[in-house]
Amino acid sequence: SSDKVYYVGIIAGYNADHASVKNCDVDCDIELETTTGSIVAGGVIGYNESETELPIRNIISDCTFTGSISVVSSGNIKSSGTVEMAIGGIAGRNYSSILSCEATASITVKLESKKDSSSQEDATAIENYRVLVGGLVGQNVSDSAILDNSTATVSFDVEAKYASKVYVGGVAGQNGARDGSRALITNCTYKLPTDATNKLSVLNHTALGSVAANVIGNDLAHQSGVKTDAHTFTIDYYKFVEETLELDKTETIIVAAITE
């Protein structure tokens with residue numbers, strides 16, 4: 001069902017209970033495929049849980065990931081369910097601390113899922129289908145979330161034509177949440193690998209809730225000291241023509257260099 005959540009990480013799928021992951025170097029290719037539910041996946045940790053007894057934290061530090069992450073989702077999505085893909089080079093979802101980590105990778109997400117209805121044209125039936133992809137973390141969420149002094153050299157190829165929200169960022173797909181959480185990103189750097197490109201394929205503007213392609217795809221909290229070379233995202237926008245998706249237009253988003 002769409003309520004299932006799969007947590008995937010090479011060191012741990014789910015990191016909790018005052019646990020620390022330190023000095024781990026991961027070098028591999030990750031391939032994931034599902035027909036149901038959500039995926040929270042990272043090269044090192046899938047989900048890094050928060051702790052209510054601060055300053056105790058679940059810490060990921062001095063870890064590296066080198067390789068590729070490929071996620072394919074197919075099958076039907078029930079209109080009443082929520083499906084979320086949170087994918088990051090280090091962690092899919094961070095509610096605690098990630099410090100001094102580095103990801104060198106390519107991230108590919110192909111969402112072939114369609115909504116479970118007789119007509120594919122009504123995009124509102126997949127309103128709760130979200131894609132959050134980042135070079136370091138897919139989501140950096142909660143008041144206790146800190147992402148610091150880390151570097152991503154990552155390329156993206158994200159195909160999410162049936163999703164209502166798509167956030168892709170060189171550092172993080174989303175930072176913070178609309179509930180006002182004070183998630184923090186500091187002193188992180190994004191670089192596009194040499195001879196690589198960043199590509200997104202999504203529904204057109206009128207059918208889509210939002211698309212963001214930047215250093216931080218959707219920044220709802222706090223960040224400082226984030227740096228990047230100038231790079232681009234090429235976005236293919238699709239539209240329905242007699243219930244068939246066809247390319248509508250292509251845009252190139254230019255992200256200016258940030259050096260200070």
Side-chain angles (χ1 to χ4, degrees), residues 30-33 38-42 68-74 77 83-89 92-93 103 105-115 120 123 126-140 152-175 190-220 226 228-241 244-258:
I30 302 170
E31 295 184 3
L32 306 172
E33 187 169 351
S38 302
I39 293 178
V40 178
S68 64
I69 301 175
S70 175
V71 177
V72 177
S73 175
S74 59
I77 298 172
V83 174
E84 217 169 57
M85 300 292 167
I87 314 297
R93 186 173 291 153
S106 62
I107 298 178
T108 302
V109 180
K110 303 291 185 183
L111 303 185
E112 301 167 354
S113 302
K114 301 177 181 179
K115 67 177 179 292
Q120 297 298 333
I126 48 173
E127 182 178 356
N128 294 323
Y129 195 0
R130 304 202 311 157
V131 179
L132 311 154
V133 181
L136 293 168
V137 297
Q139 280 182 298
N140 194 53
T153 305
V154 177
S155 62
F156 305 95
D157 185 356
V158 177
E159 184 176 309
K161 298 172 186 174
Y162 291 94
S164 59
K165 289 180 172 58
V166 180
Y167 300 131
V168 179
V171 171
Q174 179 169 309
N175 184 41
Y190 170 70
K191 301 176 182 178
L192 179 65
T194 303
D195 298 327
T197 58
N198 289 331
K199 184 177 180 180
L200 282 66
S201 299
V202 297
L203 284 174
N204 60 27
H205 288 296
T206 58
L208 205 71
S210 49
V211 172
N214 211 316
V215 185
I216 300 172
N218 188 28
D219 192 7
L220 301 172
V226 174
T228 183
D229 296 334
H231 59 279
T232 62
F233 283 86
T234 299
I235 306 180
D236 288 338
Y237 290 98
Y238 284 77
K239 63 180 180 180
F240 286 103
V241 177
T244 299
L245 279 172
E246 294 185 1
L247 181 63
D248 185 20
K249 61 181 178 179
T250 299
E251 292 183 350
T252 299
I253 305 298
I254 299 174
V255 181
I258 304 173

Hey, what do you get for [atom1] ([X]) to [atom2] ([Y]), rounding to the nearest 0.5 Å?
X: I253; Y: F233; atom1: CD1; atom2: CZ; answer: 9.5 Å
X: M85; Y: L132; atom1: CE; atom2: CG; answer: 10.5 Å
X: I254; Y: T232; atom1: CD1; atom2: OG1; answer: 7.5 Å
X: I216; Y: N175; atom1: CD1; atom2: CG; answer: 5.0 Å
X: N198; Y: S155; atom1: CG; atom2: OG; answer: 6.5 Å
X: T252; Y: K199; atom1: OG1; atom2: NZ; answer: 11.0 Å

Going through the distances and angles, do V131 and L111 end up as a side chain to side chain contact (heavy atoms under 4.5 Å, CB included)? CA-CA 9 Å; V131 179; L111 303 185; 3.1 Å; yes

Validation row: Q139, R130 side chains within 4.5 angstrom (heavy atoms):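 Yes; the side chains approach each other to less than 4.5 Å.
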
Below 4.5 Å, heavy atoms only, C-beta onward: do Y237 and L203 meet side chain to side chain?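 Sidechains of L203 and Y237: no contact.
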
Could you give me the CA-CA distance, side-chain angles and deciding distance for Q174 and K165, then say whether side chain to side chain contact (heavy atoms under 4.5 Å, CB included) is met? CA-CA 11 Å; Q174 179 169 309; K165 289 180 172 58; over 6 Å; no

Tell me whether S38 contacts the main-chain N or O of E84 through its side chain, where contact means a donor paired with an acceptor under 3.5 Å.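 Pair found, side chain donor or acceptor close to backbone of E84.
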
Y190 backbone acceptor or donor facing T228 side chain under 3.5 Å: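 Present.
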
Report the C-alpha distance between T250 and I235 in whole Å, list the side-chain angles of each, state the deciding distance to 0.1 Å, and finish with yes or no for side chain to side chain contact (heavy atoms under 4.5 Å, CB included). CA-CA 6 Å; T250 299; I235 306 180; over 6 Å; no

For the residue pair [X] and [Y], what are the closest heavy atoms and their distance?
X: L200; Y: A213; result: CD2-CB, 4.5 Å
X: A105; Y: P193; result: O-CG, 4.5 Å
X: I87; Y: V109; result: CG1-CG2, 4.3 Å
X: K191; Y: D229; result: CG-OD2, 4.0 Å
X: I107; Y: G88; result: CD1-C, 4.2 Å
X: A103; Y: V154; result: O-CG2, 3.8 Å

In sequence, state the C-alpha distance, the side-chain angles, and the governing distance for E246 and Y238, and then conclude on side chain to side chain contact (heavy atoms under 4.5 Å, CB included). CA-CA 5 Å; E246 294 185 1; Y238 284 77; 5.6 Å; no

Are K110 and D157 within salt-bridge range, i.e. N to O under 4.0 Å?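 Looking at D157 together with K110, the answer is yes, because their closest N to O distance falls below 4.0 Å.
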
